[in-house]
2 protein chains.
Amino acid sequence: MRTPLSASTVIADAAALADEAGFEKVTLSAVARRLGVQAPSLYSHVRDLEALRDGVTALALGELADLVATAIAGRSGLSALKAYTAAHRAYARESPGRWQSLQRRAGEAVVRSDAAKKISAQAPAVLRGYPVPQAEHVHAVRLLGSTINGFLALERTGNFDHSSPAPEASWDRTVVALDALLRAWPVHSRTDES
Amino acid sequence: MRTPLSASTVIADAAALADEAGFEKVTLSAVARRLGVQAPSLYSHVRDLEALRDGVTALALGELADLVATAIAGRSGLSALKAYTAAHRAYARESPGRWQSLQRRAGEAVVRSDAAKKISAQAPAVLRGYPVPQAEHVHAVRLLGSTINGFLALERTGNFDHSSPAPEASWDRTVVALDALLRAWPVHSRTDES
DNA sequence: GGTTTCTGCCTACATGATGTAGGCTGGGTG
DNA sequence: CACCCAGCCTACATCATGTAGGCAGAAACC
(Lines give C-alpha, C1' and ligand atoms only; values in the text may rest on other atoms or scores of the structure.)
Protein backbone atom coordinates (compact mmCIF):
# COMPACT_ATOMS: atom_id res chain seq x y z
CA MET A 1 0.00 0.00 0.00
CA ARG A 2 1.15 3.50 -0.79
CA THR A 3 0.69 5.31 2.51
CA PRO A 4 0.80 3.14 5.62
CA LEU A 5 -2.24 3.17 7.86
CA SER A 6 -2.28 4.93 11.19
CA ALA A 7 -4.73 5.31 14.03
CA SER A 8 -5.86 8.69 12.72
CA THR A 9 -6.30 7.41 9.17
CA VAL A 10 -8.49 4.59 10.38
CA ILE A 11 -10.52 6.83 12.66
CA ALA A 12 -10.94 9.48 9.98
CA ASP A 13 -12.24 6.84 7.58
CA ALA A 14 -14.59 5.53 10.25
CA ALA A 15 -15.92 9.06 10.70
CA ALA A 16 -16.50 9.38 6.96
CA LEU A 17 -18.32 6.07 6.96
CA ALA A 18 -20.43 7.21 9.89
CA ASP A 19 -21.52 10.31 7.99
CA GLU A 20 -22.39 8.27 4.92
CA ALA A 21 -24.13 5.30 6.49
CA GLY A 22 -24.88 6.21 10.10
CA PHE A 23 -22.75 5.74 13.18
CA GLU A 24 -24.24 2.33 13.96
CA LYS A 25 -22.85 1.04 10.67
CA VAL A 26 -19.29 1.80 11.72
CA THR A 27 -17.68 -1.59 11.80
CA LEU A 28 -14.11 -2.79 11.65
CA SER A 29 -14.76 -4.87 8.57
CA ALA A 30 -16.53 -2.05 6.77
CA VAL A 31 -13.68 0.34 7.48
CA ALA A 32 -11.16 -2.30 6.40
CA ARG A 33 -13.04 -2.76 3.12
CA ARG A 34 -13.06 0.98 2.48
CA LEU A 35 -9.34 1.17 3.17
CA GLY A 36 -8.59 -1.83 1.00
CA VAL A 37 -7.01 -3.92 3.75
CA GLN A 38 -8.04 -7.00 5.65
CA ALA A 39 -9.97 -6.52 8.87
CA PRO A 40 -7.35 -7.95 11.26
CA SER A 41 -4.84 -5.40 10.00
CA LEU A 42 -6.76 -2.67 11.78
CA TYR A 43 -6.10 -4.14 15.18
CA SER A 44 -2.55 -2.84 15.08
CA HIS A 45 -3.92 0.69 15.02
CA VAL A 46 -7.08 0.40 17.06
CA ARG A 47 -7.56 -1.76 20.15
CA ASP A 48 -11.09 -2.88 19.32
CA LEU A 49 -14.43 -1.67 18.01
CA GLU A 50 -15.14 0.39 21.13
CA ALA A 51 -11.81 2.17 20.75
CA LEU A 52 -12.61 2.92 17.11
CA ARG A 53 -15.98 4.39 18.05
CA ASP A 54 -14.44 6.36 20.89
CA GLY A 55 -11.91 7.67 18.42
CA VAL A 56 -14.68 8.97 16.20
CA THR A 57 -16.36 10.55 19.22
CA ALA A 58 -13.14 12.26 20.24
CA LEU A 59 -12.60 13.50 16.70
CA ALA A 60 -16.13 14.87 16.50
CA LEU A 61 -15.81 16.51 19.90
CA GLY A 62 -12.71 18.34 18.75
CA GLU A 63 -14.24 19.44 15.47
CA LEU A 64 -17.41 20.69 17.11
CA ALA A 65 -15.46 22.51 19.79
CA ASP A 66 -13.45 24.34 17.13
CA LEU A 67 -16.49 25.25 15.07
CA VAL A 68 -18.36 26.58 18.06
CA ALA A 69 -15.31 28.45 19.30
CA THR A 70 -14.97 30.27 15.98
CA ALA A 71 -18.69 30.93 15.85
CA ILE A 72 -19.04 32.56 19.26
CA ALA A 73 -15.75 34.42 19.25
CA GLY A 74 -16.33 38.11 19.85
CA ARG A 75 -20.06 37.76 20.30
CA SER A 76 -22.34 38.03 23.31
CA GLY A 77 -25.99 37.89 24.22
CA LEU A 78 -28.43 36.84 21.51
CA SER A 79 -25.73 37.07 18.89
CA ALA A 80 -23.58 34.55 20.77
CA LEU A 81 -26.55 32.33 21.47
CA LYS A 82 -27.52 32.26 17.81
CA ALA A 83 -23.97 31.49 16.78
CA TYR A 84 -23.67 28.77 19.41
CA THR A 85 -26.89 27.03 18.46
CA ALA A 86 -26.34 27.47 14.73
CA ALA A 87 -22.90 25.90 14.95
CA HIS A 88 -24.31 22.87 16.71
CA ARG A 89 -27.10 22.49 14.18
CA ALA A 90 -24.77 22.96 11.24
CA TYR A 91 -22.49 20.25 12.57
CA ALA A 92 -25.40 17.89 13.10
CA ARG A 93 -26.61 18.48 9.55
CA GLU A 94 -23.29 18.34 7.77
CA SER A 95 -21.70 15.56 9.77
CA PRO A 96 -24.64 13.48 10.92
CA GLY A 97 -22.60 10.40 11.74
CA ARG A 98 -20.02 12.29 13.71
CA TRP A 99 -22.79 14.15 15.53
CA GLN A 100 -24.43 10.81 16.31
CA SER A 101 -21.18 9.65 17.81
CA LEU A 102 -21.59 12.36 20.44
CA GLN A 103 -24.97 11.08 21.60
CA ARG A 104 -23.63 8.19 23.59
CA ARG A 105 -21.69 7.40 26.72
CA ALA A 106 -18.05 7.48 25.65
CA GLY A 107 -14.98 6.01 27.30
CA GLU A 108 -13.17 7.72 30.14
CA ALA A 109 -10.35 8.90 27.91
CA VAL A 110 -12.78 10.84 25.74
CA VAL A 111 -14.57 12.35 28.72
CA ARG A 112 -11.28 13.60 30.13
CA SER A 113 -10.01 14.93 26.80
CA ASP A 114 -9.17 18.56 26.18
CA ALA A 115 -11.88 18.75 23.56
CA ALA A 116 -14.45 17.73 26.16
CA LYS A 117 -13.19 20.40 28.55
CA LYS A 118 -13.25 22.97 25.78
CA ILE A 119 -16.80 22.12 24.77
CA SER A 120 -18.15 22.25 28.28
CA ALA A 121 -16.66 25.69 28.76
CA GLN A 122 -18.47 27.12 25.76
CA ALA A 123 -22.03 27.16 27.06
CA PRO A 124 -20.98 29.06 30.21
CA ALA A 125 -19.19 31.52 27.94
CA VAL A 126 -22.42 32.20 26.08
CA LEU A 127 -24.18 32.69 29.42
CA ARG A 128 -21.84 35.52 30.37
CA GLY A 129 -23.92 37.83 28.23
CA TYR A 130 -27.01 37.07 30.30
CA PRO A 131 -28.00 38.03 33.82
CA VAL A 132 -27.93 34.48 35.10
CA PRO A 133 -26.41 34.34 38.59
CA GLN A 134 -23.27 32.27 38.85
CA ALA A 135 -24.94 29.75 41.14
CA GLU A 136 -27.53 29.07 38.46
CA HIS A 137 -25.11 28.59 35.61
CA VAL A 138 -25.13 24.79 35.87
CA HIS A 139 -28.87 24.68 35.52
CA ALA A 140 -28.93 27.10 32.62
CA VAL A 141 -26.16 25.22 30.85
CA ARG A 142 -27.99 21.95 31.29
CA LEU A 143 -31.23 23.45 30.03
CA LEU A 144 -29.49 24.94 27.03
CA GLY A 145 -27.78 21.67 26.16
CA SER A 146 -30.93 19.66 26.69
CA THR A 147 -33.01 21.78 24.37
CA ILE A 148 -30.44 22.04 21.61
CA ASN A 149 -29.44 18.40 21.62
CA GLY A 150 -33.00 17.31 22.11
CA PHE A 151 -34.22 19.30 19.14
CA LEU A 152 -31.50 17.99 16.88
CA ALA A 153 -32.13 14.44 18.04
CA LEU A 154 -35.88 14.63 17.47
CA GLU A 155 -35.35 16.25 14.09
CA ARG A 156 -32.88 13.57 13.11
CA THR A 157 -35.07 10.66 14.14
CA GLY A 158 -37.90 12.06 12.06
CA ASN A 159 -40.13 13.12 14.94
CA PHE A 160 -41.04 16.34 13.16
CA ASP A 161 -41.66 14.75 9.78
CA HIS A 162 -45.37 14.28 10.25
CA SER A 163 -46.31 17.79 11.23
CA SER A 164 -45.83 21.07 9.45
CA PRO A 165 -44.21 23.51 9.14
CA ALA A 166 -40.61 22.55 8.56
CA PRO A 167 -38.44 22.26 11.69
CA GLU A 168 -36.61 25.36 10.52
CA ALA A 169 -39.28 27.69 11.87
CA SER A 170 -39.50 25.89 15.20
CA TRP A 171 -35.75 26.05 15.55
CA ASP A 172 -35.76 29.83 15.22
CA ARG A 173 -38.61 30.09 17.72
CA THR A 174 -36.71 27.83 20.08
CA VAL A 175 -33.58 29.94 19.99
CA VAL A 176 -35.59 33.09 20.56
CA ALA A 177 -37.40 31.40 23.43
CA LEU A 178 -34.12 30.36 25.01
CA ASP A 179 -32.90 33.93 24.71
CA ALA A 180 -36.00 35.22 26.44
CA LEU A 181 -35.65 32.59 29.13
CA LEU A 182 -32.05 33.49 29.84
CA ARG A 183 -32.76 37.20 29.87
CA ALA A 184 -35.58 36.69 32.36
CA TRP A 185 -33.71 34.06 34.37
CA PRO A 186 -33.49 35.97 37.70
CA VAL A 187 -37.24 35.56 37.96
CA HIS A 188 -36.79 31.83 38.48
CA SER A 189 -33.72 31.96 40.68
CA ARG A 190 -35.44 31.85 44.01
CA THR A 191 -33.55 29.77 46.51
CA ASP A 192 -36.46 28.33 48.49
CA GLU A 193 -38.35 25.67 46.58
CA SER A 194 -38.94 24.81 42.96
CA MET B 1 -42.02 -26.10 26.60
CA ARG B 2 -44.96 -25.36 28.85
CA THR B 3 -46.46 -22.27 27.29
CA PRO B 4 -45.85 -21.86 23.58
CA LEU B 5 -44.10 -18.71 22.44
CA SER B 6 -45.92 -15.86 20.76
CA ALA B 7 -44.94 -12.57 19.23
CA SER B 8 -45.88 -10.71 22.41
CA THR B 9 -43.95 -13.11 24.64
CA VAL B 10 -40.84 -12.62 22.58
CA ILE B 11 -41.21 -8.86 22.44
CA ALA B 12 -41.93 -8.61 26.15
CA ASP B 13 -38.80 -10.59 26.89
CA ALA B 14 -36.80 -8.40 24.54
CA ALA B 15 -38.10 -5.35 26.41
CA ALA B 16 -37.03 -6.88 29.73
CA LEU B 17 -33.60 -7.60 28.29
CA ALA B 18 -33.38 -4.01 27.01
CA ASP B 19 -34.04 -2.67 30.51
CA GLU B 20 -31.43 -4.95 32.03
CA ALA B 21 -28.65 -4.65 29.50
CA GLY B 22 -29.45 -1.70 27.26
CA PHE B 23 -31.45 -1.57 24.06
CA GLU B 24 -28.39 -2.11 21.88
CA LYS B 25 -27.89 -5.50 23.51
CA VAL B 26 -31.28 -6.72 22.29
CA THR B 27 -30.41 -9.55 20.00
CA LEU B 28 -32.32 -12.54 18.69
CA SER B 29 -29.84 -14.98 20.13
CA ALA B 30 -29.87 -13.29 23.54
CA VAL B 31 -33.66 -13.36 23.67
CA ALA B 32 -33.66 -17.00 22.54
CA ARG B 33 -31.21 -17.88 25.33
CA ARG B 34 -33.38 -16.14 27.91
CA LEU B 35 -36.45 -17.99 26.65
CA GLY B 36 -34.68 -21.33 26.56
CA VAL B 37 -35.18 -21.93 22.83
CA GLN B 38 -32.93 -21.97 19.81
CA ALA B 39 -32.50 -18.71 17.93
CA PRO B 40 -34.13 -19.80 14.65
CA SER B 41 -37.31 -20.66 16.55
CA LEU B 42 -37.97 -16.98 17.05
CA TYR B 43 -38.32 -16.33 13.36
CA SER B 44 -41.78 -17.87 13.39
CA HIS B 45 -42.92 -15.09 15.70
CA VAL B 46 -40.81 -12.16 14.58
CA ARG B 47 -39.80 -11.36 11.02
CA ASP B 48 -36.27 -10.25 11.82
CA LEU B 49 -34.21 -8.21 14.26
CA GLU B 50 -35.65 -4.93 13.07
CA ALA B 51 -39.17 -6.19 13.65
CA LEU B 52 -38.22 -7.28 17.15
CA ARG B 53 -36.79 -3.86 17.94
CA ASP B 54 -39.82 -2.15 16.41
CA GLY B 55 -41.97 -4.36 18.59
CA VAL B 56 -40.21 -3.13 21.70
CA THR B 57 -40.59 0.45 20.51
CA ALA B 58 -44.31 -0.03 19.94
CA LEU B 59 -44.68 -1.63 23.35
CA ALA B 60 -42.82 1.23 25.03
CA LEU B 61 -44.84 3.80 23.12
CA GLY B 62 -48.06 2.27 24.40
CA GLU B 63 -46.86 2.02 28.00
CA LEU B 64 -45.61 5.60 28.03
CA ALA B 65 -48.80 6.88 26.46
CA ASP B 66 -50.85 5.19 29.17
CA LEU B 67 -48.66 6.44 31.99
CA VAL B 68 -48.75 10.00 30.72
CA ALA B 69 -52.48 9.84 30.11
CA THR B 70 -53.12 8.82 33.71
CA ALA B 71 -50.70 11.43 34.99
CA ILE B 72 -52.19 14.43 33.22
CA ALA B 73 -55.83 13.42 33.53
CA GLY B 74 -57.81 16.16 35.21
CA ARG B 75 -54.87 18.55 35.47
CA SER B 76 -54.00 21.75 33.67
CA GLY B 77 -51.35 24.45 33.65
CA LEU B 78 -48.27 23.90 35.78
CA SER B 79 -49.87 20.91 37.44
CA ALA B 80 -50.35 19.21 34.08
CA LEU B 81 -46.89 20.20 32.93
CA LYS B 82 -45.31 18.74 36.05
CA ALA B 83 -47.28 15.53 35.69
CA TYR B 84 -46.40 15.29 32.00
CA THR B 85 -42.69 15.77 32.51
CA ALA B 86 -42.55 13.62 35.64
CA ALA B 87 -44.22 10.74 33.84
CA HIS B 88 -41.66 10.89 31.06
CA ARG B 89 -38.78 11.02 33.48
CA ALA B 90 -40.16 8.20 35.60
CA TYR B 91 -40.49 6.02 32.54
CA ALA B 92 -36.96 6.79 31.45
CA ARG B 93 -35.62 5.91 34.90
CA GLU B 94 -37.64 2.80 35.53
CA SER B 95 -37.56 1.35 32.03
CA PRO B 96 -34.32 2.65 30.60
CA GLY B 97 -34.11 0.12 27.79
CA ARG B 98 -37.68 0.68 26.68
CA TRP B 99 -37.14 4.43 26.86
CA GLN B 100 -34.02 4.03 24.75
CA SER B 101 -36.08 2.19 22.18
CA LEU B 102 -38.04 5.39 21.65
CA GLN B 103 -34.96 7.42 20.75
CA ARG B 104 -34.61 6.06 17.25
CA ARG B 105 -36.27 6.12 13.88
CA ALA B 106 -38.85 3.34 14.01
CA GLY B 107 -40.62 1.53 11.21
CA GLU B 108 -43.68 2.91 9.45
CA ALA B 109 -46.04 0.59 11.30
CA VAL B 110 -44.92 1.99 14.64
CA VAL B 111 -45.17 5.58 13.45
CA ARG B 112 -48.72 5.00 12.29
CA SER B 113 -49.77 3.12 15.43
CA ASP B 114 -52.51 4.28 17.76
CA ALA B 115 -50.01 4.65 20.56
CA ALA B 116 -48.02 7.09 18.47
CA LYS B 117 -51.13 9.11 17.74
CA LYS B 118 -52.07 9.06 21.40
CA ILE B 119 -48.64 10.24 22.53
CA SER B 120 -48.48 13.07 20.05
CA ALA B 121 -51.84 14.35 21.23
CA GLN B 122 -50.69 14.63 24.84
CA ALA B 123 -48.33 17.57 24.59
CA PRO B 124 -50.99 19.71 22.86
CA ALA B 125 -53.37 18.73 25.66
CA VAL B 126 -50.94 20.10 28.24
CA LEU B 127 -50.66 23.29 26.20
CA ARG B 128 -54.37 23.94 26.49
CA GLY B 129 -53.75 25.33 29.95
CA TYR B 130 -51.43 27.98 28.51
CA PRO B 131 -52.06 31.08 26.41
CA VAL B 132 -50.17 29.75 23.42
CA PRO B 133 -51.98 30.66 20.19
CA GLN B 134 -53.13 27.69 18.16
CA ALA B 135 -50.81 28.57 15.28
CA GLU B 136 -47.86 28.34 17.63
CA HIS B 137 -48.76 24.98 19.14
CA VAL B 138 -46.46 23.03 16.84
CA HIS B 139 -43.49 25.10 17.89
CA ALA B 140 -44.31 24.90 21.57
CA VAL B 141 -44.85 21.15 21.35
CA ARG B 142 -41.53 20.69 19.61
CA LEU B 143 -39.74 22.84 22.14
CA LEU B 144 -41.31 20.93 25.00
CA GLY B 145 -40.39 17.58 23.53
CA SER B 146 -36.89 18.71 22.68
CA THR B 147 -36.12 19.90 26.18
CA ILE B 148 -37.62 16.93 27.98
CA ASN B 149 -36.12 14.28 25.74
CA GLY B 150 -32.86 16.15 25.53
CA PHE B 151 -32.53 16.39 29.28
CA LEU B 152 -33.28 12.72 29.79
CA ALA B 153 -30.85 11.75 27.03
CA LEU B 154 -28.02 13.87 28.42
CA GLU B 155 -28.70 12.59 31.91
CA ARG B 156 -28.67 9.03 30.68
CA THR B 157 -25.45 9.32 28.73
CA GLY B 158 -23.72 10.71 31.80
CA ASN B 159 -23.34 14.28 30.57
CA PHE B 160 -24.27 15.66 33.98
CA ASP B 161 -22.06 13.30 35.96
CA HIS B 162 -19.08 15.59 36.15
CA SER B 163 -20.77 18.67 37.48
CA SER B 164 -22.77 19.26 40.62
CA PRO B 165 -25.43 19.45 41.87
CA ALA B 166 -27.42 16.35 40.99
CA PRO B 167 -29.56 16.54 37.83
CA GLU B 168 -32.60 16.51 40.10
CA ALA B 169 -32.34 20.20 40.87
CA SER B 170 -31.77 21.17 37.25
CA TRP B 171 -34.79 19.13 36.24
CA ASP B 172 -37.04 21.07 38.58
CA ARG B 173 -35.59 24.34 37.34
CA THR B 174 -36.14 23.22 33.77
CA VAL B 175 -39.79 22.41 34.32
CA VAL B 176 -40.37 25.73 36.03
CA ALA B 177 -38.57 27.48 33.19
CA LEU B 178 -40.75 25.74 30.63
CA ASP B 179 -43.82 26.82 32.58
CA ALA B 180 -42.66 30.42 32.57
CA LEU B 181 -41.88 30.20 28.88
CA LEU B 182 -45.31 28.86 28.01
CA ARG B 183 -47.09 31.40 30.17
CA ALA B 184 -45.17 34.23 28.50
CA TRP B 185 -45.38 32.71 25.02
CA PRO B 186 -47.44 35.46 23.32
CA VAL B 187 -44.42 37.70 23.72
CA HIS B 188 -42.55 35.65 21.14
CA SER B 189 -45.40 35.03 18.75
CA ARG B 190 -44.71 37.85 16.36
CA THR B 191 -45.35 36.91 12.79
CA ASP B 192 -42.71 39.01 11.09
CA GLU B 193 -39.19 37.64 11.48
CA SER B 194 -37.40 35.44 14.01
C1' DG C 1 -59.09 -45.50 18.09
C1' DG C 2 -56.32 -44.80 14.34
C1' DT C 3 -54.75 -41.78 10.66
C1' DT C 4 -53.79 -37.28 9.02
C1' DT C 5 -52.53 -32.65 9.35
C1' DC C 6 -50.44 -28.77 11.02
C1' DT C 7 -48.16 -26.02 14.45
C1' DG C 8 -43.98 -25.04 16.67
C1' DC C 9 -39.47 -25.96 17.80
C1' DC C 10 -35.57 -28.40 16.16
C1' DT C 11 -30.84 -29.21 13.43
C1' DA C 12 -27.93 -27.90 9.70
C1' DC C 13 -26.00 -24.44 7.11
C1' DA C 14 -24.44 -19.94 4.68
C1' DT C 15 -22.78 -15.51 5.56
C1' DG C 16 -20.47 -11.95 7.86
C1' DA C 17 -18.72 -9.66 12.17
C1' DT C 18 -15.12 -9.47 16.20
C1' DG C 19 -10.87 -10.58 17.87
C1' DT C 20 -6.33 -13.74 18.47
C1' DA C 21 -2.11 -16.03 16.79
C1' DG C 22 1.35 -16.24 14.12
C1' DG C 23 3.59 -15.91 9.31
C1' DC C 24 5.75 -13.22 5.42
C1' DT C 25 8.01 -9.36 3.27
C1' DG C 26 10.31 -5.25 2.02
C1' DG C 27 12.50 -0.92 3.51
C1' DG C 28 15.64 1.06 6.87
C1' DT C 29 19.72 0.24 9.84
C1' DG C 30 24.08 -1.91 11.75
C1' DC D 1 25.22 -7.43 3.02
C1' DA D 2 22.74 -9.25 6.53
C1' DC D 3 19.38 -8.36 9.74
C1' DC D 4 15.36 -6.65 11.84
C1' DC D 5 11.09 -5.22 12.50
C1' DA D 6 6.87 -2.57 11.11
C1' DG D 7 2.88 -3.53 8.90
C1' DC D 8 -0.12 -6.22 6.50
C1' DC D 9 -1.25 -10.92 5.59
C1' DT D 10 -3.74 -15.84 6.30
C1' DA D 11 -5.95 -18.99 9.36
C1' DC D 12 -8.97 -19.71 12.90
C1' DA D 13 -12.39 -19.55 16.98
C1' DT D 14 -16.62 -17.61 18.29
C1' DC D 15 -20.98 -15.61 17.87
C1' DA D 16 -24.65 -13.11 15.40
C1' DT D 17 -28.45 -13.11 11.54
C1' DG D 18 -31.33 -15.43 8.64
C1' DT D 19 -32.93 -19.67 5.41
C1' DA D 20 -34.29 -24.51 4.57
C1' DG D 21 -36.10 -28.29 5.79
C1' DG D 22 -37.01 -32.12 9.42
C1' DC D 23 -39.63 -34.10 13.29
C1' DA D 24 -42.87 -34.76 16.93
C1' DG D 25 -46.89 -34.24 19.41
C1' DA D 26 -51.55 -32.44 19.79
C1' DA D 27 -55.78 -31.46 17.50
C1' DA D 28 -59.05 -32.75 14.07
C1' DC D 29 -61.35 -35.86 11.33
C1' DC D 30 -63.14 -40.25 9.88
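Heavy atoms only: backbone and side chains are in, while hydrogens, waters and symmetry mates are out. We name chains A, B, ... by the order of the sequence lines, and we start the count at 1 in each one.
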Taking the side chain as everything from C-beta on, heavy atoms only, tell me whether [X] gets closer than 4.5 Å to [Y].
{"X": "A/F160", "Y": "B/S146", "value": "yes"}
{"X": "A/V10", "Y": "A/L52", "value": "yes"}
{"X": "B/N159", "Y": "B/F151", "value": "no"}

### Task
Show your reasoning for whether side chain to side chain donor-acceptor pair (under 3.5 Å) applies to A/T57 and A/R104.
CA-CA 9 Å; A/T57 302; A/R104 55 191 271 281; 2.5 Å; yes
### Task
Can you check each nucleotide of nucleotides 10-22 of chain D against protein heavy atoms at under 4.0 Å and return B for base, S for sugar-phosphate only, - for none, in 5' to 3' order?
BB----SSBB---
### Query
Relative to A/F23, does A/R53 satisfy both conditions: NZ or CZ under 6.0 angstrom from the six-membered ring centre, and within 45 degrees of the ring's axis?
yes
### Query
Is the charged tip of A/R156 near the ring of A/W99: under 6.0 Å from the six-membered ring centre and within 45° of its axis?
no
### Task
Enumerate the residues from residues 9-24 of chain B whose closest heavy atom to DNA chain C is under 4.0 Å, giving them by residue number; use none for an empty result.
none
#### Entry: Verdict with supporting geometry, B/Y91 and B/E63, side chain to side chain donor-acceptor pair (under 3.5 Å)
CA-CA 9 Å; B/Y91 194 72; B/E63 290 179 350; 2.6 Å; yes
### Query
When clusters are formed by joining ILVMFWY residues with side-chain heavy atoms under 4.5 Å apart, either directly or through shared neighbours, do A/Y43 and A/V31 land in the same one?
yes
#### Entry: Atom-to-atom span, CG of A/L42 to C1' of C/dG16 - whole angstrom
16 Å
### Task
Could you check how far CG of B/L35 sits from C1' of C/dC9, rounded to whole Å?
13 Å
